[in-house]
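This report concerns only the one structure given below.
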Amino acid sequence: MGRRADLLNKIEEQRQHMIELGLTFSFADERVVHISDQLDKLLNKYHALTTNIDE
């Protein structure tokens with residue numbers, strides 16, 4: 001699997017985890033916010049990878 005596919009898998013896992021936590025607690029819960037921050041970082045990495053921008 002390539003780097004893009006790996007990142008997409010991680011993004012999907014984080015997204016699903018964030019949704020599950022948000023539905024269990026609330027989307028304002030610090031655990032959900034933390035996962036959201038991690039998801040943002042993964043999305044930024046993916047964007048940089050797919051647009052040939054240095055990370």
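Starting from 1, each residue takes its place in the sequence as its number.
The cluster map of Ile, Leu, Val, Met, Phe, Trp and Tyr, joined by side-chain heavy atoms under 4.5 Å apart, puts V33 and L42 in different clusters.
Note that the CG atom of N44 and the CG atom of L49 stand 12.5 Å from one another [nearest 0.5 Å].
Of all heavy-atom pairs between I11 and Y46, the closest is CD1-CB, 3.8 Å.
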Could you go through residues 15-25 and list every donor-acceptor pair under 3.5 Å that involves a side-chain atom there, pairing it with any protein atom two or more places apart or in another chain?
residue : atom : partner : partner atom : Å
R15     : NE   : E12     : OE1          : 3.0
R15     : NH2  : E12     : OE1          : 3.4
R15     : NH2  : E12     : OE2          : 2.6
T24     : OG1  : E20     : O            : 2.9

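Looking only at distances, a side-chain donor or acceptor of T51 sits under 3.5 Å from a matching main-chain atom of H47.
For D29, the salt bridge (charged side-chain N to carboxylate O under 4.0 Å, His left out) criterion is met by R31, not counting sequence neighbours. Remark: Q38 engages Q14, H34, I35 in a side chain to side chain contact (heavy atoms under 4.5 Å, CB included) (not counting sequence neighbours).
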